[in-house]
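Below is the structure I would like to discuss, written out as structure tokens.
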Amino acid sequence: MTLSSAPSSTTTNEWQREAAPIVTCLGIPIAAHDRRSAAREVVRLSEQTRRAGRAQKHGDPTPSDAGGRNGRAVHLCNAYTLAAADADAELHAVLRSASLNLPDGQAVVWASRLLHRTAGLPSSRVCGTELLLDVFALGQEAGLRHYFLGSTPEVLAALLQQLHRRFPDALIVGTCSPPFRPLTAGELYEEEQAIRETGADIVWVGLGTPQQDRRTAQLAAVVPSVCVAVGAAFDFVAGRKQRAPRWMQQCGMEWLFRLGLEPRRLWRRYLFGNARFVRGVTTQHIRQRAASGRGAG
């Protein structure tokens, strides 16, 4: 797998906020970034958070653009993520309070363009795998420090090997493969302290939806890092899972490709999740049209 059309390099003092329309899809605010602007925005948030941490460490006033005391939560939202949030009030609140929600899933892009036709939204999604690679490419010059949380030791080892090969100047400061069970409060605290001690600027979280979204929000509340929930990106970059052909990704059929590879694990997610997503988008569209009609009357 190669990194194509990656964002060009930019010096540290040139990072500016990447403006993107914020639109709602099933009640969740989605920042309508494209691939290029999404990567730049994650790097910008990381540098803001790092500046804030340094200012606090030295007792200086926090820079006005550096956000709050702790970290930032970034979520990659596909149709299943939004469908799960539609059925789970806690997850819904997690996504609504996030620093940044990105449209990972062509269905989310299409739904957003349908629901907000006058907003001039991008026609392409922000894929978690490409976001990770693009941020690594940009982060080399900025000196960003990366940490990986999730998956198995074998996948993490293969992932780091691939990343070191592609980005020899990238700084990877730690990894953690947590047990595949609910962690105790003590274990969660130890995990958070381990991340904090590395000084990571970005924590990539690959625990599967919705667990990774909840853990990303928890980490961002206590760790001064940008925490990004990226799903199966670890497996794809490591070469442990096959990605759908580009044409299937572009026409919104990647879910069907993945279902064919892992039917027993994914059939319920796609059967019920996709149906709930379509129903939710249809309901929102009908309500918006009705409200527009009343306003015109």
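FYI, the numbering just counts along the sequence from 1. As the structure is a computational prediction, the values presented were derived from the model and not from experiment.
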Discussion item. Under a 4.0 Å threshold between the charged nitrogen and the carboxylate oxygen, would Arg36 count as salt-bridged to Glu41?
Written reply: no

Item to complete: Return yes if a side-chain donor-acceptor contact under 3.5 Å exists between Ser37 and His33, otherwise no.
Response: yes

Item to complete: Look at the rings of Trp204 and His146 and say which category their plane angle falls in: under 30° parallel, 30 to 60° tilted, over 60° perpendicular.
Response: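 Plane angle under 30°, so parallel.
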
Worksheet item: With a 4.5 Å heavy-atom cut-off, do Val74 and Val230 have their side chains touching?
Response: no

Item to complete: Verify, without hydrogens or angle tests, whether Gln212 (side chain) and Gly208 (backbone) share a donor-acceptor contact under 3.5 angstrom.
Response: yes

Worksheet item: Got Val109 and Pro122 here, is their nearest side-chain heavy-atom distance under 4.5 Å?
Response: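 Contact flag for Val109/Pro122 side chains = no.
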
Fill in: Test item: Ser177 side-chain N/O and Ser151 main-chain N/O as donor-acceptor pair under 3.5 Å
yes

Discussion item. To check you understand the geometry: which heavy-atom pair defines the closest contact between Val281 and Cys25, and what is its length?
Written reply: CG2-SG, 4.3 Å

Worksheet item: Cluster question for you: counting only ILVMFWY and a side-chain heavy-atom cut-off of under 4.5 Å, with indirect links fine, are Leu159 and Phe136 together?
Response: yes

Practice prompt. Grab the two heavy atoms, one from Gly143 and one from Leu171, that are nearest each other, plus how far apart they are.
Written response: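 Residues Gly143 and Leu171, closest heavy atoms: O-CD1, 3.7 Å.
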
Worksheet item: Just wondering, do Val108 and Arg125 contact through their side chains at under 4.5 Å, heavy atoms?
Response: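 The answer is no, as the side chains (C-beta and beyond) never meet within the 4.5 Å cut-off.
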
Fill in: Distance-only polar pair, side chains of Gln193 and Glu197, donor-acceptor under 3.5 Å
no

Worksheet item: Closest approach of Asp104 and Cys127, non-hydrogen atoms and distance?
Response: OD1-CA, 3.7 Å

Practice prompt. Each residue besides Phe272 in its hydrophobic cluster should be listed here, by chain and number; the cluster joins Ile, Leu, Val, Met, Phe, Trp and Tyr at side-chain heavy-atom distances under 4.5 Å.
Written response: Trp247, Met248, Met253, Trp255, Leu256, Phe257, Leu259, Leu261, Leu266, Trp267, Tyr270, Leu271

Fill in: Verdict with supporting geometry, Leu219 and Ile195, side-chain contact (heavy atoms from CB on, under 4.5 Å)
CA-CA 9 Å; Leu219 287 172; Ile195 294 172; 3.9 Å; yes

Discussion item. Just verifying a value: how many Å separate Arg196 CZ and Asn70 CG, rounded to the nearest 0.5 Å?
Written reply: 7.0 Å

Discussion item. As an exercise, state the distance from CH2 of Trp110 to CG of Leu121, rounded to the nearest 0.5 Å.
Written reply: 15.0 Å

Worksheet entry | Side-chain (Gln288) to main-chain (Leu115) donor-acceptor, under 3.5 angstrom |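 Yes, Gln288 side chain to Leu115 backbone: donor-acceptor pair under 3.5 Å.
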
Practice prompt. Answer yes if Val126 and Leu45 sit in the same cluster of Ile, Leu, Val, Met, Phe, Trp and Tyr residues linked by side chain heavy atoms under 4.5 Å apart, and no otherwise.
Written response: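 Same hydrophobic cluster.
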
Discussion item. With side-chain contact (heavy atoms from CB on, under 4.5 Å) as the criterion, how do Arg72 and Leu100 come out once you've worked through the C-alpha distance, each side chain's angles and the decisive distance to 0.1 Å?
Written reply: CA-CA 8 Å; Arg72 310 290 188 93; Leu100 183 66; over 6 Å; no

Fill in: From CZ (Phe277) to OG1 (Thr282), nearest 0.5 Å
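Separation between the atoms: 9.5 Å.
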
Discussion item. Can you confirm whether Pro178 sits close enough to Leu207 that some side-chain heavy atom of one is under 4.5 Å from a side-chain heavy atom of the other?
Written reply: yes

Worksheet entry | Non-neighbouring partners of Tyr147 that pass ring-ring contact (aromatic ring centres under 6.0 Å, His included), sequence neighbours left out | none

Practice prompt. State yes or no: do Phe148 and Val223 share one hydrophobic cluster built from I, L, V, M, F, W and Y residues joined by side-chain heavy-atom distances below 4.5 Å, directly or via other members?
Written response: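 The answer is no; the residues belong to distinct hydrophobic clusters.
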
Practice prompt. Considering only NZ, NE, NH1 and NH2 on the basic side and carboxylate oxygens on the acidic side, decide whether Glu187 and Arg181 come within less than 4.0 Å.
Written response: yes

Worksheet item: For the residue pair Gly273 and Ala83, what are the closest heavy atoms and their distance?
Response: O-CB, 3.3 Å

Worksheet entry | Lys241 with Glu254: basic N within carboxylate O range, under 4.0 Å | no

Item to complete: Please lay out, stage by stage, how Leu132 and Phe236 fare under the test side-chain contact (heavy atoms from CB on, under 4.5 Å).
Response: CA-CA 11 Å; Leu132 190 158; Phe236 291 138; over 6 Å; no

Item to complete: Could you point out which residue of Arg145, Arg44, Arg50 forms a salt bridge (charged side-chain N to carboxylate O under 4.0 Å, His left out) with Asp201?
Response: Arg50

Worksheet item: Does some side-chain heavy atom of Ile30 sit less than 4.5 Å from a side-chain heavy atom of Ile22?
Response: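 Answer no - side chains too far apart.
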
Worksheet item: For the hydrophobic clusters of this structure (ILVMFWY residues joined by side-chain heavy atoms under 4.5 Å, transitively), does one cluster hold both Leu102 and Val228?
Response: yes

Fill in: Summary of side-chain hydrogen bond (donor to acceptor under 3.5 Å, both in side chains) pairs that have at least one residue in residues 86-97, sequence neighbours excluded
Asp86-Arg276, Asp88-Arg214

Worksheet, complete the sentence: In short, Val94 meets Ala217 closest at the heavy-atom pair CG1-CB, 3.8 Å

Worksheet item: Can Asp213 and His75 be counted as having a side-chain donor-acceptor contact under 3.5 angstrom?
Response: yes

Worksheet item: CG of Leu76 to OG1 of Thr129: how many Å apart, nearest 0.5 Å?
Response: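 With rounding to 0.5 Å, CG (Leu76) is 8.5 Å from OG1 (Thr129).
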
Worksheet item: How many angstroms lie between atom OG of Ser225 and atom CG of Leu149, to the nearest 0.5 angstrom?
Response: 11.5 Å

Item to complete: Report yes if some heavy atom in the side chain of Arg243 is under 4.5 Å from a heavy atom in the side chain of Arg258; otherwise report no.
Response: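 No. Closest side-chain heavy atoms not under 4.5 Å.
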
Worksheet item: Quick one: are Glu191 and Cys176 in side-chain contact, heavy atoms under 4.5 Å?
Response: yes

Worksheet item: Passes side-chain contact (heavy atoms from CB on, under 4.5 Å), Val203 versus Val205? Steps please.
Response: CA-CA 6 Å; Val203 179; Val205 185; 4.0 Å; yes

Worksheet entry | Side-chain touch Ile202/Val135, heavy atoms, less than 4.5 angstrom | yes

Discussion item. Working to the nearest 0.5 angstrom, can you tell me the gap between Thr152 OG1 and Phe234 CZ?
Written reply: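 Going from the OG1 atom of Thr152 to the CZ atom of Phe234 covers 10.5 Å.
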
Worksheet item: Do Leu163 and Val226 sit in the same hydrophobic cluster, where Ile, Leu, Val, Met, Phe, Trp and Tyr count as joined when their side-chain heavy atoms come under 4.5 Å apart?
Response: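 In one cluster: yes.
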
Discussion item. Looking at every non-hydrogen atom in both residues, tell me the closest pair between Thr216 and Cys227 and how far apart they are.
Written reply: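 So the two residues come closest at CG2-O, 3.2 Å.
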
Worksheet item: Hey, are Arg215 and Glu192 close enough for a salt bridge, meaning a charged N less than 4.0 Å from a carboxylate O?
Response: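 Result for this pair is yes, salt bridge flagged.
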
